[in-house]
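Note: hydrogens, waters and symmetry copies are ignored here, and every other heavy atom, side chains too, is used. Not measured: the values here are computed from a predicted model. Order of the sequence lines sets the chain letters (A, B, ...), proteins ahead of strands, with each chain counted from 1.
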There are 2 protein chains.
Amino acid sequence: MNQFVIGIDIGGTNIKFGLVSKKGQIVSRLNLKTSSVGKNVSQLAEGLVSACLKLISENHLAKKQILGIGIGLPGLVNIKRSIVYSLTNIKGWKNVPFKKIIEKRIGISTFIDNDVNVVALAEWKYGAGKGVTDLICMTLGTGVGGGLILNNTLYRGAGFAAGEVGHIPINEKGKKCNCGGFACMETVVGNQYLEKKAKKVFNKENITLEQVTALADKGNKKAILFWEQTAEHIANGLIGTINTLNPSLVVVGGGVAKAHKYIFPVMRQVIKKRAMHIQGRMVKIKKVKLGQDAGIIGSQVLALEMLKIR
Amino acid sequence: MNQFVIGIDIGGTNIKFGLVSKKGQIVSRLNLKTSSVGKNVSQLAEGLVSACLKLISENHLAKKQILGIGIGLPGLVNIKRSIVYSLTNIKGWKNVPFKKIIEKRIGISTFIDNDVNVVALAEWKYGAGKGVTDLICMTLGTGVGGGLILNNTLYRGAGFAAGEVGHIPINEKGKKCNCGGFACMETVVGNQYLEKKAKKVFNKENITLEQVTALADKGNKKAILFWEQTAEHIANGLIGTINTLNPSLVVVGGGVAKAHKYIFPVMRQVIKKRAMHIQGRMVKIKKVKLGQDAGIIGSQVLALEMLKIR
């Protein structure tokens, strides 16, 4: 009897479902527009359960062939009590026992975690971090997030809020950050800041970060410098974490990572120069491998880890 | 039959031995001057073994009553292969299989680790961090070191070099650090820097940090400000690690921690203001509890952890 996990990646625009084999292969997919489901707890639960049942029946499977359901959510999740404390940008979610709600409706073991943690799990088990014991997984976007695999386990922290590498201060003084702090790495490498900076640098009212990368590809020096400066800030932000955690890998994903050929060499150079000898020498910088599938696949890893199927 | 662990704390000046009960009580002690033993591998091994045998016989014990020997060393230790890669300030130690060397001479299971890691183990098991799952243990001295307990386990990192909280950069530019980097926290809160700063602030050729604290105790505003500024740098250095690791405790030890009544309130204030909401709200700052005994007691914890006696 073939067994599968359903991996669910809840994003702001799409909810992606995947029927995932025990080896991490996505054998069937299903997509919903997030807006089509509704954002309150029972609407979302109903939407997820219907889609799961559809995915099961479309693939001519029996429920008992589903080992579990994993869900990555954009929010803060207490993994021990399986409660969603809050969702980013979606109001009305407060201390929701979402695992129980789903399980009650569908009768399949369900596991939930923060979306960035789930991406870290995916890259560690099947992606750029395969075989690595200690890694930092960083996603560069509007927000700069992260997940930590330490001692071959996802590290969540005492309050399930660990991994916030975007909110490492890079200076003692600096701009206010959305997190409430100031001078965080995110304030100088987050997309909003970079887009503003690009407008200034190129003196254009509208220029996207993709266009900056395209310019760099054509040899535009300002564009190359733009990404090199960004890389220097990212590396400066990571040095402390590299010295403290001594990981063997930093996996970088998100939109900005598309400019990796300008960013990574400078990151490596700064780390080599600035990090401690052992830490700097052993840490590798790699691009994420699973891209858009990381959320689905990581949800499979979450479920299997929680079910202790390795 | 009573059972014990021998905990050994190898320092630059003294080597301290303790016969430690399974509950962490030091029931008998022995001290050697480090200089009296000799620093090469066989001299040190010989000195440690003689002292252990003396401690056993003086307490009328049989060898089989010693569950194990734990040793905290000032250096880099590969805990999996039980090899001392190098010792700080002592030349000639390179890839030394010190566990095997001691075991061969004394016939008792022996475990070795870095001295700061051992202190973290002690504070977690019997000290300020008792019952805490995730903590940072920081020692403020000439060097600023640290040990991490994450998920109820000492976290050593991929190259056994984790915990270097003193080498978290606090700015993108700054003074060169002994570690090879620059602008590390240690460059502005390490004892050497603080002693120089004190001379300037108080316009004296000789003033110790203890004297600065004594002045602060008398209400001297410059002295109070001196420690408050130090506290601000320490907190600024820790914010990134607090946001990233979401620990519930930072345990602070070392000479500078004697000024804790000026340092801790400012650290708490800066962390509250600058760290992320959950991380900042839940992290406590406490003084180490075991003081000079931490090395001996932590070596007992190391041995029992490795022997899986909990």
Side-chain angles (χ1 to χ4, degrees), chain A residues 76 85-86 132-136 146 148 150-151 153-174 177 179-185 188 232-233 236-249 273-283, chain B residues 76 85-86 132-136 146 148 150-151 153-174 177 179-185 188 232-233 236-249 273-283:
Chain A
L76 185 68
Y85 280 140
S86 60
V132 171
T133 312
D134 307 287
L135 66 84
I136 300 168
L148 308 173
L150 304 177
N151 277 338
T153 311
L154 180 67
Y155 176 75
R156 295 178 173 93
F160 308 95
E164 295 286 3
V165 293
H167 301 282
I168 298 170
I170 56 172
N171 283 300
E172 292 193 285
K173 285 182 181 148
C177 180
C179 78
F182 52 92
C184 295
M185 191 212 290
V188 291
E232 194 164 346
H233 291 310
N236 282 337
L238 288 177
I239 298 285
T241 309
I242 289 169
N243 283 346
T244 306
L245 295 182
N246 184 203
S248 48
L249 179 64
K273 188 172 140 198
R274 210 179 173 185
M276 296 178 86
H277 185 64
I278 294 165
Q279 285 90 325
R281 202 181 42 181
M282 74 188 296
V283 69
Chain B
L76 185 67
Y85 281 139
S86 60
V132 171
T133 312
D134 307 288
L135 66 84
I136 300 167
L148 308 173
L150 305 177
N151 279 337
T153 311
L154 181 67
Y155 176 77
R156 295 178 173 93
F160 308 96
E164 294 287 2
V165 293
H167 302 282
I168 298 169
I170 56 172
N171 284 301
E172 291 193 285
K173 286 182 180 150
C177 180
C179 77
F182 51 92
C184 294
M185 191 213 287
V188 291
E232 195 164 345
H233 291 311
N236 282 337
L238 288 177
I239 299 285
T241 310
I242 289 169
N243 284 346
T244 306
L245 296 181
N246 183 202
S248 49
L249 179 65
K273 188 173 141 200
R274 211 179 171 185
M276 296 178 86
H277 185 64
I278 294 166
Q279 285 91 325
R281 202 181 42 181
M282 75 189 296
V283 68

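- For the pair Ile168(B)/Thr244(A), a side-chain contact is recorded, criterion being any heavy-atom separation below 4.5 Å from C-beta on.
- With rounding to the nearest 0.5 angstrom, the SG atom of Cys179(B) is 9.0 Å from the CZ atom of Arg274(A).
- Heavy atoms closer than 4.5 Å to chain A are found nowhere in Leu238(B), neither backbone nor side chain.
- The distance from atom CD of Gln279(A) to atom CD of Glu164(B), rounded to the nearest 0.5 Å, is 6.0 Å.
- For a residue to count as touching a neighbouring chain, one of its non-hydrogen atoms must lie under 4.5 Å from one of that chain's; by this rule Ser248(B) touches chain A with backbone and side chain alike.
- Counting heavy-atom pairs under 4.5 Å between each of Val283(A), Thr241(A), Ile239(A), Asn236(A) and chain B puts Asn236(A) at the top.
- Rounding to the nearest 0.5 Å places CG of Asn246(B) at 12.5 Å from CZ of Arg156(A).
- Atom CD1 of Ile170(A) and atom NZ of Lys173(B) lie 11.0 Å apart (nearest 0.5 Å).
- Comparing Gly180(B), Pro169(B), Gly174(B) by how many heavy-atom pairs each has under 4.5 Å with chain A, the most go to Pro169(B).
- Residue Tyr85(B): no heavy atom, backbone or side chain, is found under 4.5 Å from chain A.
- In this structure, chain A has no heavy atom under 4.5 Å from any part of Ile242(B).
- Put simply, OG1 on Thr153(B) and OH on Tyr155(A) are 10.5 Å apart, with the number rounded to the nearest 0.5 Å.
- Ranked by heavy-atom pairs under 4.5 Å with chain A, the first of Ala158(B), Gly280(B), Ala183(B), Cys184(B) is Ala158(B).
- For the set Val132(B), Leu135(B), Asn151(B), the count of heavy-atom pairs under 4.5 angstrom toward chain A peaks at Asn151(B).
- Heavy atoms closer than 4.5 Å to chain A are found in both the backbone and the side chain of Glu172(B).
- Each of Ile278(A), Thr133(A), Val165(A) has some count of heavy-atom pairs under 4.5 Å with chain B, and the biggest count is that of Ile278(A).
- Atom-to-atom distance recorded for Leu150(A):CG and Leu150(B):CG is 6.0 Å, nearest 0.5 angstrom.
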Could you walk me through whether Leu245(A) and Leu148(B) satisfy the side-chain contact (heavy atoms from CB on, under 4.5 Å) test, starting with their C-alpha distance in whole Å, then the side-chain angles of each, then the deciding distance to 0.1 Å, before giving a yes or no? CA-CA 9 Å; Leu245(A) 295 182; Leu148(B) 308 173; 3.7 Å; yes
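- Per-residue counts of heavy-atom pairs under 4.5 Å with chain B were compared for Leu249(A), Asp134(A), Ile136(A); the largest is that of Asp134(A).
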